[in-house]
Asker: 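I have a structure here, written as structure tokens, and I will follow up with some questions on it.
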Amino acid sequence: MSAQPVLSVKQVMKKIGNQTIIRSLSFAIERGTVFGLIGENGAGKTTVLGMVCGLIAPTSGTIHVEGMPVSTMRKQVLRRIGALIEEPHFYKYLTGMEHMLYGSRLYGEITSDRIAEVLSLLKLEDFIHKKVGQYSLGMKKRLAIAQCLLHKPTLLILDEPTNGLDPGAMIEFREMIRSIASKFKLSVLISSHHLREIENICHQFGLLQNGTLTLLGANKSRYGDSVVFVIEAEDPGRAVELLEQQSYIFEPQRSADGKITFVMERSHYSSLLLLLSQAGVRSIQEKSFDLEEAYLQMTRKSEGGGG
Ligand SMILES: Nc1ncnc2c1ncn2[C@@H]1O[C@H](COP(=O)(O)OP(=O)(O)OP(=O)(O)O)[C@@H](O)[C@H]1O
């Protein structure tokens, strides 16, 4: 049996009233990987996360968590998910530990060993017996994630988790997310409008814009060598068609001057040349991958193209 993705979203569309918030959304998250959704305010990030958690019903399309359809198995799906979508709310006169114990009672059979494991990974031990009223925002966010992890979910969902944190706390937070994902073999779906954050935390990421998701690429730190290629071909239409059929190539984009841009690992270079010989390559240029540049190019294009 082949490994199924922890999260699979297929052709999801969401309308609210007359407004189409999500046009067609498809992506998957493999076990142990962190997937980032980048998008400007109002792009629909929270709507997507809400649909994955079963809080919002898609108008059409399917969402599966661990192979289970969210639409009909919501209760079982929620046992596999830990989600932090709204700002966490705590009682300031209770300690962090009292909140953890309260959280663990909601799930039933959480052992004290599990609580200790989660606290250690989130580096919460030193202040867990202090009242939450004395916590910084970063500490509160860590406590909220600790609660989300108690029941051993396989998918962690975080909506703009570093909002409001100072730069030092942001860096600490990013490192923590990556270490949780690898230690617990967790898959993480994270939304943000901070490009650098997504680039630093995520193994894969995509831009949500005008209701569709464009995969921008895979992170250097996992895939080693992602590069942006710019090619010119005698038959650009044929070239794009061929590129779109390759699983190792991310979102080929054709610009008005006929050039084609896409992201690929350099190790596939010889396969690429072979492929492109069928479409008559005139030139190939290589640029180092810059998420900010890719994002700006795409948002500019969409503003100019009228959607
Ligand atoms: N219940 C609702 N009724 C009407 N419109 C809604 C509703 N929920 C969301 N929307 C609209 O859907 C769009 C996407 O909202 P959403 O909150 O998902 O975006 P977002 O990318 O998370 O934005 P932000 O970064 O500001 O949180 C917005 O235009 C918003 O106004």
Side-chain angles (χ1 to χ4, degrees), residues 7-29 34-65 70-71 74 77-78 81-89 137-138 140-141 144-145 148 155-167 169-170 173-174 177 187-202 204-217 251 291-292 294-303 305-307:
L7 172 66
S8 162
V9 175
K10 286 195 186 139
Q11 292 174 1
V12 162
M13 196 264 276
K14 177 67 188 173
K15 273 188 169 188
I16 300 181
N18 291 331
Q19 198 188 350
T20 304
I21 315 280
I22 302 297
R23 281 174 204 285
S24 177
L25 182 72
S26 299
F27 67 99
I29 308 186
V34 185
F35 188 98
L37 269 185
I38 313 164
E40 291 173 345
N41 290 340
K45 304 180 294 296
T46 307
T47 305
V48 173
L49 303 190
M51 289 194 285
V52 171
C53 297
L55 299 171
I56 300 171
T59 307
S60 61
T62 57
I63 303 177
H64 288 79
V65 173
V70 177
S71 56
R74 185 165 172 258
V77 163
L78 286 179
I81 291 181
L84 192 55
I85 294 193
E86 308 257 302
E87 279 301 314
H89 293 290
L137 182 62
K140 282 188 201 153
K141 292 205 181 210
I145 293 181
C148 289
L155 178 64
L156 179 65
I157 297 177
L158 302 172
D159 193 12
E160 312 234 2
T162 58
N163 267 4
L165 294 183
D166 63 50
M170 256 188 207
F173 197 87
R174 287 175 192 156
I177 299 293
S187 307
V188 185
L189 173 59
I190 187 165
S191 81
S192 179
H193 51 255
H194 294 295
L195 298 172
R196 290 285 164 225
E197 171 165 288
I198 287 294
E199 197 177 25
N200 285 322
I201 300 182
C202 299
Q204 271 194 291
F205 36 83
L207 172 69
L208 189 61
Q209 190 185 33
N210 300 326
T212 55
L213 183 76
T214 305
L215 281 179
L216 287 179
E251 279 301 316
L291 177 59
E292 199 144 48
Y295 179 86
L296 286 173
Q297 261 180 22
M298 294 176 70
T299 45
R300 262 190 236 124
K301 194 176 65 187
S302 127
E303 279 159 16

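For the numbers below, each heavy atom of this structure counts, side chains included, while hydrogens, waters and symmetry mates do not. Every number for a ligand or one of its atoms is a count from 1 in the order of the listing.
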Asker: Which side-chain N or O atoms in residues 52-63 pair as donor and acceptor under 3.5 Å with protein atoms at least two apart or in another chain?
Answerer:
| from | atom 1 | to | atom 2 | distance (Å) |
| --- | --- | --- | --- | --- |
| T59 | OG1 | K15 | N | 2.8 |

Asker: Could you establish whether G39 and ligand 1 come within less than 4.0 Å of each other, counting only heavy atoms on the residue side?
Answerer: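 Checking ligand 1 against G39, which is what was asked, there is no heavy-atom contact under 4.0 Å.
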Asker: Under a 4.5 Å cut-off applied to non-hydrogen side-chain atoms, are R23 and T212 in contact?
Answerer: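 Sidechains of T212 and R23: in contact.
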Asker: How far is atom 19 (O) of ligand 1 from its nearest protein heavy atom, and which residue and atom is that?
Answerer: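 The answer is G44 N, 3.1 Å.
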Asker: Under 4.0 Å from a heavy atom of I21: give me the atoms of ligand 1 that qualify, with their elements.
Answerer: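 Atoms satisfying the 4.0 Å criterion: 11 (C), 12 (O), 13 (C), 14 (C).
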Asker: Compare all side-chain heavy atoms of I190 with those of D159 and state whether any distance is below 4.5 angstrom.
Answerer: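 No, their side chains stay 4.5 Å or more apart.
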Asker: Considering only non-hydrogen protein atoms, determine which one is nearest to atom 18 (O) of ligand 1 and report residue, atom name and distance to 0.1 Å.
Answerer: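 That would be T47 OG1, 2.5 Å.
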Asker: For ligand 1, which atoms have a heavy atom of E160 less than 4.0 angstrom away?
Answerer: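 Those qualifying, in numeric order: 25 (O).
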Asker: Is there a side-chain contact between E160 and K45 (heavy atoms, below 4.5 Å)?
Answerer: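 E160 vs K45: side chains touch.
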Asker: For atom 25 (O) of ligand 1, what is the closest protein heavy atom, and at what distance to 0.1 Å?
Answerer: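 Closest protein heavy atom to atom 25 (O) of ligand 1: K45 NZ, 2.8 Å.
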Asker: Counting C-beta onward and ignoring hydrogens, is there a side-chain heavy-atom pair between I38 and L208 closer than 4.5 Å?
Answerer: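 Of all side-chain heavy-atom pairs linking L208 with I38, none is under 4.5 Å.
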Asker: Can you check atom 31 (O) of ligand 1: any protein non-hydrogen atom closer than 4.0 Å?
Answerer: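 No, no protein heavy atom sits under 4.0 Å from atom 31 (O) of ligand 1.
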Asker: Can you confirm, on distance only, whether ligand 1 has an N/O atom lying under 3.5 Å from any N/O atom belonging to I16?
Answerer: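 No; the residue has no nitrogen or oxygen that sits under 3.5 Å from a nitrogen or oxygen of the ligand.
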Asker: State the atoms of ligand 1, each with its element, that fall below the 4.0 Å cut-off from a heavy-atom position in Q19.
Answerer: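 This gives 29 (O) as the contact atoms.
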Asker: Does the gap between the ring centers of F35 and F27 come in under 6.0 Å?
Answerer: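 For F35 and F27, the ring centres are under 6.0 Å apart.
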Asker: Could you work out, with ring-ring contact (aromatic ring centres under 6.0 Å, His included) as the rule, every residue matching F173, not counting sequence neighbours?
Answerer: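 Per chain and number, F173 pairs via ring-ring contact (aromatic ring centres under 6.0 Å, His included) with no residue.
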Asker: List ligand 1 atoms under 4.0 Å from E40, heavy atoms only on the residue side.
Answerer: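 Every atom of ligand 1 under 4.0 Å from some heavy atom of E40: 21 (O).
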Asker: Kindly determine whether V34 and S187 satisfy side chain to side chain contact (heavy atoms under 4.5 Å, CB included), including the steps that lead there.
Answerer: CA-CA 6 Å; V34 185; S187 307; over 6 Å; no
Asker: Below the 3.5 angstrom mark, is there an N/O of G42, backbone or side chain, next to an N/O of ligand 1?
Answerer: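 Min N/O separation from ligand 1 is below 3.5 Å for G42.
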Asker: For T46, counting its heavy atoms only, list the atoms of ligand 1 lying under 4.0 Å from any of them.
Answerer: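 Result: 17 (O), 18 (O), 20 (P), 22 (O), 27 (O).
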